[in-house]
Participant: 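Handing you this structure, nothing more for now.
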Amino acid sequence: MNDAEVSWQRAGPGGERRQQHRYDFNQTICLLPLDEHSEKPVGDALYVEACDISVSGIGFSHDVPLPFKKVSITLMLPGGNMITAITRLLWCRFTREGRYQSGGQFVRCNGVKAS
């Protein structure tokens, strides 16, 4: 049985759409749902588990479906600085383990804060 995948963008030939190498990135990150056009918060923050990251995007797992396409993601960088990035969610799949996996593309960075 294959994991079901939902995509908000058309898949290219061969299925693999990643353009940069992904690195393991196991960290709890904060997701804040945003209005797709105004980018103002439209819901409560949700904490999810990051799985991998690249220069252009991030993959993460979560327990509940995400009904939005744009989020603000806050995460800790090596060295202790926090970064916030506006991210467009591109795909979501439900796994056999009963969790969801999603991935998104960074749209822009909203800043780095020293901790």
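By convention here, the first residue in the shown sequence is residue 1. Because only heavy atoms are used, hydrogens play no part in the values below, and waters and symmetry mates are left out as well, while side chains stay in.
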Participant: Less than 4.5 Å apart, any side-chain heavy atom of H21 and any of Y23?
Facilitator: yes
Participant: Once you round to the nearest 0.5 Å, how far does OG of S72 lie from NZ of K40?
Facilitator: 14.5 Å
Participant: Working to the nearest 0.5 Å, report the span between CZ of R88 and CZ of R108.
Facilitator: 10.5 Å
Participant: For residues L77 and L31: do they belong to one hydrophobic cluster (side chain heavy atoms under 4.5 Å, members Ile, Leu, Val, Met, Phe, Trp, Tyr)?
Facilitator: yes
Participant: With side-chain contact (heavy atoms from CB on, under 4.5 Å) as the test, would you mind laying out the steps for E36 and F68 before giving the verdict?
Facilitator: CA-CA 8 Å; E36 193 170 350; F68 29 85; over 6 Å; no
Participant: Write down the atom of S54, the atom of F106, and the distance for their closest heavy-atom approach.
Facilitator: O-CE1, 3.6 Å
Participant: Given C92 and L66, is the side-chain contact (heavy atoms from CB on, under 4.5 Å) satisfied, shown in steps?
Facilitator: CA-CA 8 Å; C92 180; L66 304 176; 6.0 Å; no
Participant: I need the minimum non-hydrogen distance between R99 and S61, along with the two atoms involved.
Facilitator: NH1-OG, 3.3 Å
Participant: Go through it in stages, so that I can follow the logic: the residues are T87 and Q105, the test is side chain to side chain donor-acceptor pair (under 3.5 Å), and I'd like the CA-CA distance, side-chain angles, deciding distance and then a yes or no.
Facilitator: CA-CA 5 Å; T87 306; Q105 180 179 29; over 6 Å; no
Participant: side-chain contact (heavy atoms from CB on, under 4.5 Å) with T84: which of N110, I73, L32?
Facilitator: N110
Participant: Where is the tightest heavy-atom contact between L34 and E39, given as atom of each residue plus distance?
Facilitator: CD2-O, 3.5 Å
Participant: Please determine which of L89, D52, I53, V48 meets the side-chain contact (heavy atoms from CB on, under 4.5 Å) test together with I58.
Facilitator: I53
Participant: Could you report the tightest heavy-atom contact between N26 and C51, atom names first, then the distance?
Facilitator: OD1-O, 3.9 Å
Participant: Looking at every non-hydrogen atom in both residues, tell me the closest pair between V71 and P33 and how far apart they are.
Facilitator: CG1-CA, 4.1 Å
Participant: Restricting to non-hydrogen atoms, name the atom on D63 and the atom on Y100 that form the minimum distance, rounded to 0.1 Å.
Facilitator: O-CE1, 3.6 Å
Participant: Can you tell me how far the NZ atom of K69 sits from the CG atom of L90, to the nearest 0.5 Å?
Facilitator: 10.5 Å
Participant: side-chain contact (heavy atoms from CB on, under 4.5 Å), that's the test. Do L75 and F60 meet it? Break it down for me.
Facilitator: CA-CA 12 Å; L75 54 94; F60 55 90; over 6 Å; no
